[in-house]
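Below is one structure, written out as structure tokens; the observations come after it.
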Amino acid sequence: MLSKLLTACLLLTTLSQAQQGPIDFEQYNPVSTLVVKENPVARAKFPFIDVHNHQRGMDSGSLEPLLSEMDKLNMQVMVNLSGGTGNSLEKKIGNIKSANSKRFLVFANIDFSGFGKTGWTEFTVKQLVNDVKNGASGLKIFKNLGFSVKDPDGKRVGVDDPRLAPIWEACADLRIPVLIHTADPAPFWDSLDNNNERLLELKIHPRRQQKNEEYSWQQLIDEQHRVFRKHFRTTFIAAHFGWYPNNLGKLDSILTAMPNVVVEFGAVIAELGRQPRAAKYFFNKFQDRILFGKDSWVPSEYATYFRVLETEDEYFPYHKKYHAFWGMYGMGLSDEVLKKIYYKNALRIIPGIDKSQFPL
Ligand SMILES: [Zn+2]
């Protein structure tokens, strides 16, 4: 009885608030009245390889709980980009081997401490060669390169710093890809006002706002592209669609100009799901250059990715309001294209994955 009363009171307050004045954008949460066919997808149509995942606790302990979560999604192989280097990488790979699992891959990372000191580049290349010998399948570069890595003079190290060139070349020699995350969504650099499409995200995560005048978004992206062009023997996986998921025409021209670059769509499916026709055209055109990536490990969120890729559903909700306050639409990709995105492209680009785990 009391709870009913309370609910009634709450309802009244909500109602009266709405009648009295403006409603907070954060609170406004209209439930769609649209009635259309719904085809939710909890499990991918084909076994897939997630090339953009982070697992910090892989050094020890059972991998069984993770495998059973992966099974539910039909995720056959997970690429853990947080491999570290040296000892910590060896531990992760040792643990995977002792579980006899072909279902985990690890990418090495670079230790930037001491960058620019005599011998740093040579030492780091040697370390990378060792990491690959120990089982690393690629190199992951985090966004700290460009943002916060400094040289001994305290100067920001650009993504295209020549002291890093031997590392990119070593990756070509080692035949491993470099998955690289540079910068962040461009609106993080724009002023925090009512017209900023990422206003909600920046209010929730104020530290994501870029107030640093030392570099612009475009400058970082240009630095990244100079590396792509200069080191054309190296395969680069541009994370998050190279931060052009909302400008596929531009990304088209980038991929056309740089044949050694492929992309993955971690954390940007909401951009694709709001332009299903342009995105489908793009996926068909670049069907050999797109990999499946998700980034944050929240198993329930994969359903949105599958649904955008596989179905032709209309105006269905995205899982995070600060990425998308708009509805999603499915692209309805063909099986042939889906197989490439889900696993065939990754099998071609990332070494050491057992192909027998996947359909032909
Ligand atoms: Zn990531």
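- Side-chain atoms of Asp295 and His54 form a donor-acceptor pair, as typed in the model, at a separation below 3.5 Å.
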Derivation of the salt bridge (charged side-chain N to carboxylate O under 4.0 Å, His left out) call for Arg156 and Asp151: CA-CA 7 Å; Arg156 184 186 76 90; Asp151 72 8; over 6 Å; no

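- Under a 3.5 Å cut-off, the side chain of Trp243 and the backbone N or O of Thr182 do form a donor-acceptor pair.
- Using a cutoff of 4.0 Å between basic side-chain nitrogens and carboxylate oxygens, Arg163 and Asp161 are scored as salt-bridged.
- Aromatic rings from Phe325 and Tyr318 are positioned such that their centres are separated by 6.0 Å or more.
- Taking the six-membered ring where the residue is Trp, His52 and His240 present tilted rings, their angle falling between 30° and 60°.
- In this structure a side-chain-to-backbone donor-acceptor pair under 3.5 Å is present from Asp111 to Ser113.
- Taking the centre of each ring, Tyr244 and Trp217 come in below the 6.0 Å mark.
- We find the CE-NZ distance between Met258 and Lys230 to be 14.5 Å, quoted to the nearest 0.5 Å.
- Distance alone, capped at 3.5 Å, is enough to place a donor-acceptor pair between the Ser62 side chain and the Glu64 backbone.
- Classification of Arg198 and Asp190 as a salt-bridged pair fails, no side-chain N sitting under 4.0 Å from a carboxylate O.
- Cluster annotation: Leu199 is not connected to Tyr28 through the hydrophobic network of ILVMFWY side chains, with a link wherever side-chain heavy atoms come within less than 4.5 Å.
- A distance-only check finds a donor-acceptor pair linking the side chain of Glu264 to the backbone of Gly266 [under 3.5 Å].
- At least one test fails for Lys344 against the ring of Phe46: distance under 6.0 Å to the centre or angle within 45° of the axis.
- Note: Asp71 CG to Gln76 CD = 7.5 Å, rounded to the nearest 0.5 Å.
- Considering only heavy atoms from C-beta on, Met58 comes within 4.5 Å of Ile96 through its side chain.
- Side-chain N or O atoms of Glu223 include one that pairs as donor or acceptor with a backbone N or O of Val159 at under 3.5 Å.
- Proximity of the aromatic rings of Tyr281 and Phe286 is defined here by a centroid distance below 6.0 angstrom, and this criterion is not met.
- Between Phe306 and Phe292, the angle of the ring planes lies from 30° to 60°, which puts this pair in the tilted group.
- We find the CZ-CG distance between Phe232 and Asn260 to be 9.0 Å, quoted to the nearest 0.5 Å.
- At least one side-chain heavy atom of Ile237 sits less than 4.5 Å from a side-chain heavy atom of Leu291.
- For Pro47 against Gln357, the heavy-atom pair with the smallest separation is CG-O, 4.4 Å.
- Under a 3.5 Å cut-off, the side chain of Asn345 and the backbone N or O of Gln287 do form a donor-acceptor pair.
- At a threshold of 4.5 Å between non-hydrogen side-chain atoms, the residues Lys280 and Arg277 do not count as touching.
- Using a cut-off of 4.0 Å between Lys/Arg side-chain N and Asp/Glu carboxylate O, Asp222 and Arg229 are scored as not salt-bridged.
- Side-chain atoms of Arg348 come within 3.5 Å of backbone N or O of Asp288 as a donor-acceptor pair.
- Of the options Thr234, Leu128, Val125, a side chain to side chain contact (heavy atoms under 4.5 Å, CB included) to Leu174 is made by Leu128 and by none of the others.
- Hydrophobic clustering places Val129 together with Trp120 (ILVMFWY residues linked when any side-chain heavy atoms are closer than 4.5 Å, directly or through intermediates).
- Arg289 places a side-chain N or O within donor-acceptor distance of the main-chain N or O of Val261, the cut-off being under 3.5 Å.
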Stepwise salt bridge (charged side-chain N to carboxylate O under 4.0 Å, His left out) test for Asp252 and Lys285: CA-CA 9 Å; Asp252 183 326; Lys285 181 168 180 184; 2.9 Å; yes

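- Under the 4.5 Å side-chain criterion, counting only non-hydrogen atoms from C-beta, Leu73 is not in contact with Arg43.
- Listed here is the closest heavy atom pair of Pro152 and Phe115: CD-O, 3.1 Å.
- Under the 4.5 Å side-chain criterion, counting only non-hydrogen atoms from C-beta, Val36 is not in contact with Tyr315.
- Between Glu197 and Arg274 there is a salt bridge, since at least one side-chain N of the basic residue sits less than 4.0 Å from a carboxylate O of the acidic one.
- For the 3.5 Å distance criterion, the side chains of Asn53 and Asp50 qualify, holding a donor opposite an acceptor.
- Residues Glu312 and Tyr329 have side chains that never bring a donor and an acceptor to within less than 3.5 angstrom of each other.
- Lys294 and Ser296 share a donor-acceptor pair across their side chains, judged by distance under 3.5 Å alone.
- Using a cut-off of 4.0 Å between Lys/Arg side-chain N and Asp/Glu carboxylate O, Lys37 and Asp313 are scored as not salt-bridged.
- By the 4.0 Å N-to-carboxylate-O rule, Glu214 lies too far from Lys155 to be salt-bridged with it.
- Classification of the Trp297-Tyr302 ring pair by plane angle, with boundaries at 30° and 60°, yields perpendicular.
- Side-chain contact between Val51 and Ile349: absent, with no pair of heavy atoms (C-beta onward) separated by less than 4.5 Å.
- Residues Arg208 and Asp184 fail the side-chain proximity criterion, which asks for heavy atoms closer than 4.5 Å.
- A donor-acceptor contact shorter than 3.5 Å is absent between the side chain of Glu69 and the backbone of Leu66.
- Cluster annotation: Phe142 is not connected to Leu89 through the hydrophobic network of ILVMFWY side chains, with a link wherever side-chain heavy atoms come within less than 4.5 Å.
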Steps toward ring pair (Phe, Tyr, Trp, His ring centres under 6.0 Å) verdict (Tyr342, Phe358): CA-CA 10 Å; Tyr342 275 147; Phe358 298 90; over 10 Å; no

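- Using modelled atom types, one finds a donor on one side chain and an acceptor on the other under 3.5 Å when comparing Asp131 with Thr85.
- Between the Tyr322 side chain and the Lys203 main chain, no donor and acceptor come within less than 3.5 Å of each other.
- Between Lys91 and Asp59 there is no salt bridge, since no side-chain nitrogen of the basic residue lies less than 4.0 Å from a carboxylate oxygen of the acidic one.
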Intermediate values then yes/no, side-chain contact (heavy atoms from CB on, under 4.5 Å), Ile141 and His181: CA-CA 6 Å; Ile141 299 294; His181 174 166; over 6 Å; no

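- Note: the hydrophobic cluster containing Trp168 does not contain Phe123 (ILVMFWY, side chain heavy atoms under 4.5 Å, direct or indirect links).
- With hydrophobic clusters built from ILVMFWY side chains whose heavy atoms lie under 4.5 angstrom apart, Trp326 does not share a cluster with Ile23.
- The side-chain heavy atoms of His225 and Ile254, taken from C-beta on, include a pair separated by under 4.5 Å.
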